[in-house]
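Convention: sequence-line order gives letters A, B, ...; per-chain numbering from 1. Hydrogens, waters and symmetry mates play no part in the numbers below; they use all other heavy atoms, side chains included.
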Amino acid sequence: MADEKKLTTRKEDFSAWYNEVVLRAELADYSPVRGCMVIRPNGYGIWERMQRALDDMFKATGHQNAYFPIFIPESFLHKEAEHVEGFAPQLAVVTHGGGKKLEEPLVVRPTSETIIYAMFAKWVQSHRDLPLLINQWANVVRWEMRTRLFLRTLEFLWQEGHTAHATHDEAEEEARRMLGVYRDFMEAWIAMPVVTGLKSDSEKFAGALRTYACEAMMQDNKAVQAGTSHNLGQGFSKAFDLKFQAESGNLEYAWNTSWGTTTRMIGAMVMTHGDDNGVVIPPLLAPIEVVIVPIYRSDDERAQVLEKAHAIMSSVHEWERRRPGRLRVHLDDRDGVKPGAKYYEWELKGIPLRLEIGPRDLAKNQGVLVRRDTREKRPVNLDTLGEDLSDALIKMQDDMLVAARERREANSIRGKITYDKFREVMDGDGAFVYAGWCGGRACEDAIKDETKATIRVLPDEEFRSAEAPKTCLKCGKEATAEALWAKAY
RNA sequence: CGGGACGUAGCGCAGUCCGGUAGCGCACCUGAAUGGGGUUCAGGGGGUCGCGGGUUCAAAUCCCGCCGUCCCGACCA
């Protein structure tokens, strides 16, 4: 009976485990529209916290929010040849409006480069108008063949930054700077370590000069691309006539960047930290950080325990000592639900800390504090509770990042590896494999065909092996780069 | 679009082979007791059996067609 309530174990079927966690933790639902999902309040609360944190980081780097239309004239996409070629198969197109056939079809934005740079062209005249740093929070549509909750849906929520600069180098710096912002966010807030680096040409954004990405490892050792940043060069500015008069007096085309990250991060969070009891939300992202579960056997005890619980709740504002903002505390005072049932429910939903208080505790002026990630239980003094909770949340946030990083490193292979061994690893549990690469598309494609593994990124210096492989993993020729190989979502 | 599985109450399923007018668990509502790791008992509400057609006295069940979903590939954040 109890077994029925257990989640599918991850080793048997990670996909099934993931779906079950997402659905049962009430993060999302399948929508009546094929390939779409409905984000439930629990899931949206996490997204809101991600959004707020990222938005602050964007503001701090000088970006402003704006909003552009969901419909883009089809001709706009055709102005940049590579871009339309890349996105054409994934477009949703509106052909009718107000009961009449439209003269020109409207594309539901799959990304907003074209309409945004069309507007930028009107806004920019002088080098003094640059850099132009804009971000938009929006939903976009890509007609994917296969979809998956949070990770790949037809419609998804994201943030897309778009900038224009006077020189290539400034654009390049911006693209790399925003990649760094993503990495900081993912490590500090999601407690999810990422490998950053350059994408190979085959995985480059359609229309970009260079694409950078953050790659995170999930518990089935597959990679998730959690955020990307592109140096778009001058392709779009030439297509949309985005010109400015330089100090020299000459008219020059601007250099663009774009960068985005999505609700996919919620999926990545689930697959990074979740366990067989459900989601584990890093404290900074948890809509509720602490849930108080009162325990009582009689009306008298109930009154007593709840009074104390309310006292704790109302002293929340005094607990701001070591952290910004208020502690987000919820008292689960539902009658008729046994404490054990409440424990399981809040664990499934991933609430970081649980405080149990019952008559036995009150007698000792203490409570029992339980950590979601380690399930470690310990008594805490109710007089110093605020401090204790703050410290525990900070520690949990840090520990989760360390644990995730250790797990990733334990499943990473650096240095020499034969191709046979590589195939064996990819056929089995998978891994992050850092291996030499000659830069040839033929090798890349052959490896993908034979192992399903792809180049996630050509990693930044700090992720490169001390003794980087000298030869290509596949053909044995001299290596021109070290690539991070993994199977990906 | 190829290969598999499936569509019956909010969710998970049984019933389909062998036709007889719909059931189980969870959830939900009412009442009482219970309460330190998934409570118990009693009562109750809820279903055009994916859609359309056919066979039959009678279809969730058999036949034909369609639609949709999930998983595995190709595509992708």
Side-chain angles (χ1 to χ4, degrees), chain A residues 1-8 13-16 18-20 23-24 26 29-36 86-91 110-111 139-160 182 199 202-206 211 213-216 223-230 258-268 277-278 293-299 301-302 305 333-348 354-363 366-368 370 375 377 379 448-449 452 454 456 487-489:
Chain A
M1 193 82 93
D3 286 343
E4 278 175 33
K5 301 195 171 182
K6 276 266 174 200
L7 294 163
T8 313
D13 185 348
F14 193 75
S15 290
Y18 172 78
N19 272 328
E20 219 177 322
L23 293 168
R24 288 193 20 206
E26 296 173 8
D29 258 317
Y30 291 110
S31 126
V33 182
R34 190 198 80 85
C36 291
F87 280 103
Q90 290 179 262
L91 297 179
T111 176
N139 52 348
V140 292
V141 169
R142 297 181 186 178
W143 214 263
E144 303 289 351
M145 292 167 186
R146 235 180 111 214
T147 60
R148 201 142 149 46
L149 291 171
F150 285 118
L151 297 182
R152 192 174 302 104
T153 44
L154 292 195
E155 179 189 345
F156 58 91
L157 273 172
W158 78 346
Q159 147 283 312
E160 51 180 323
Y182 285 150
K199 282 283 182 189
S202 61
E203 301 240 338
K204 198 178 69 176
F205 176 76
T211 290
C214 299
E215 296 283 336
V224 163
Q225 181 177 317
T228 52
S229 179
H230 318 287
S258 70
W259 25 276
T261 192
T262 79
T263 46
R264 166 179 261 207
M265 285 188 292
I266 298 172
N277 295 302
V293 178
I295 296 151
Y296 43 81
R297 276 175 306 250
S298 63
D299 285 352
E301 282 182 359
R302 181 177 183 279
V305 169
D333 58 359
R334 287 173 299 172
D335 277 323
V337 182
K338 289 180 77 167
K342 292 178 180 176
Y343 300 165
Y344 279 98
E345 185 177 327
W346 293 111
E347 281 175 5
L348 178 65
R354 177 175 75 239
L355 180 67
E356 310 171 2
I357 44 172
R360 294 212 294 267
D361 299 311
L362 284 192
Q366 68 169 36
V368 176
V370 188
R375 302 184 96 204
K377 276 189 179 192
K448 185 176 181 183
D449 283 350
K452 309 286 180 218
T454 52
R456 302 321 305 152
K487 289 203 259 190
Y489 275 97

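Between the side chain of A/R24 and the base of B/G12, no donor-acceptor pair of N or O atoms lies under 3.5 Å. Side-chain N/O atoms of A/E347 and base N/O atoms of B/G37 include a donor-acceptor pair closer than 3.5 Å. Residue side chain A/K377 does not reach the base of B/G36 through any donor-acceptor N/O pair under 3.5 Å, judged by distance alone.
Residues A/L348 and A/R24 share a closest heavy-atom pair of CD2-O, 3.3 Å. Closest heavy-atom contact between A/C36 and A/L154: SG-CB, 3.9 Å. Here the closest heavy-atom approach between residue A/T263 and residue A/F150 is recorded as O-CD2, 3.6 Å.
With rounding to whole Å, A/R148 atom CZ is found 18 Å from B/C75 atom P. In this structure, A/D449 places its CG atom 9 Å from P of B/A74, rounding to the nearest Å. One can place NZ of A/K204 at 17 Å from C1' of B/C76, the figure rounded to the nearest angstrom. Atom pair A/K487:NZ and B/C75:P shows a separation of 15 Å (rounding to whole Å applied). Between the CD atom of A/E356 and the P atom of B/G36 there is a distance of 10 Å, given to the nearest Å. We find that CG of A/D335 is positioned 17 Å from C1' of B/C29, with the value rounded to whole Å. Per the geometry, CD belonging to A/E203 stands 11 Å off C1' belonging to B/C75, to the nearest Å. Spacing between atom CG of A/L23 and atom P of B/C11 amounts to 11 Å, rounded to whole angstrom units.
For A/R354, the listed nucleotide lying nearest its side chain is B/G37; candidates were B/G37, B/G73, B/C71. Comparing B/G35, B/C70, B/C71 by their closest approach to the side chain of A/T147 singles out B/C70. Of the candidate nucleotides B/A74, B/C71, B/U39, B/C71 has the atom lying nearest to any side-chain atom of A/N19. Closest to the A/Y344 side chain, of the nucleotides B/G35, B/G38, B/C76, is B/G38. Nearest to the side chain of A/R142, among B/C71, B/G36, B/C76, sits B/C76. Distances from the side chain of A/E144 to the nucleotides B/C75, B/G73, B/G35 place B/C75 closest. With B/U39, B/C75, B/A74 as the choices, the nucleotide that has an atom nearest any side-chain atom of A/A341 turns out to be B/U39. The side chain of A/Q90 lies closest to B/C76 when the candidates are B/C76, B/C70, B/G36.
With a 3.5 Å ceiling on both atom-pair distances, B/G36 lacks any Watson-Crick or G-U wobble partner.
The residue A/V337 sits close to a base: some heavy atom pair falls under 4.0 Å. Counting any heavy atom pair closer than 4.0 Å across all strands shown, A/V293 reaches no nucleic acid atom. Nucleic acid contact class of A/S15 (heavy atoms, under 4.0 Å, all strands): sugar-phosphate only. A/T262 comes within contact range of at least one nucleobase, with a heavy-atom separation under 4.0 Å. Across all strands, A/G260 comes closer than 4.0 Å to no nucleic acid atom at all (heavy-atom distances). In this structure, A/T111 reaches neither bases nor backbone, as no heavy-atom distance under 4.0 Å exists between it and the strands shown. Residue contacts shown for A/P339 are limited to sugar-phosphate atoms, with no base heavy atom under 4.0 Å away.
Between B/U16 and B/U30, the two C1' atoms lie 37 Å apart (nearest whole Å). Going from the C1' atom of B/A9 to that of B/A60 covers 14 Å, rounded to whole Å. With both ends at atom P, the span from B/U48 to B/G23 equals 14 Å, rounded to whole Å. Taking atom C1' on both nucleotides, B/G7 is separated from B/G52 by 16 Å, rounded to a whole Å. For the C1' atoms, the distance from B/A22 to B/U8 is 8 Å, rounded to whole Å. Atom P of B/C70 sits at a distance of 27 Å from the matching atom of B/G53, rounded to the whole Å. When the C1' atom is used for both B/C6 and B/G15, the distance is 16 Å, rounded to whole Å. Taking atom C1' in both B/C51 and B/G68, one finds a spacing of 10 Å when rounded to whole Å.
Within a 6.0 Å radius of CH2 in A/W143, other residues, nucleotides and ligands contribute 12 heavy atoms or fewer.
Between A/K448 and B/C75 there is a side-chain polar atom (N or O) within less than 4.0 angstrom of OP1 or OP2.
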Inset, instruction - Could you please spell out the steps behind the side chain to side chain contact (heavy atoms under 4.5 Å, CB included) verdict for A/V293 and A/L355? - result: CA-CA 6 Å; A/V293 178; A/L355 180 67; over 6 Å; no
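For the pair A/Y182/A/T228, no side-chain contact is recorded, criterion being any heavy-atom separation below 4.5 Å from C-beta on. By the 4.5 Å heavy-atom criterion applied to side chains, A/L362 and A/V305 are counted as neighbours.
Position along RNA chain B of the nearest nucleotide to A/R152 versus A/Y343 favours A/Y343 as the more 5'-ward residue. Judged by closest nucleotide on RNA chain B, A/R302 is the one of A/R302 and A/G86 placed further toward the 5' end.
Salt-bridge check for A/K199 with A/E215: passed, with a basic side-chain N closer than 4.0 Å to an acidic carboxylate O.
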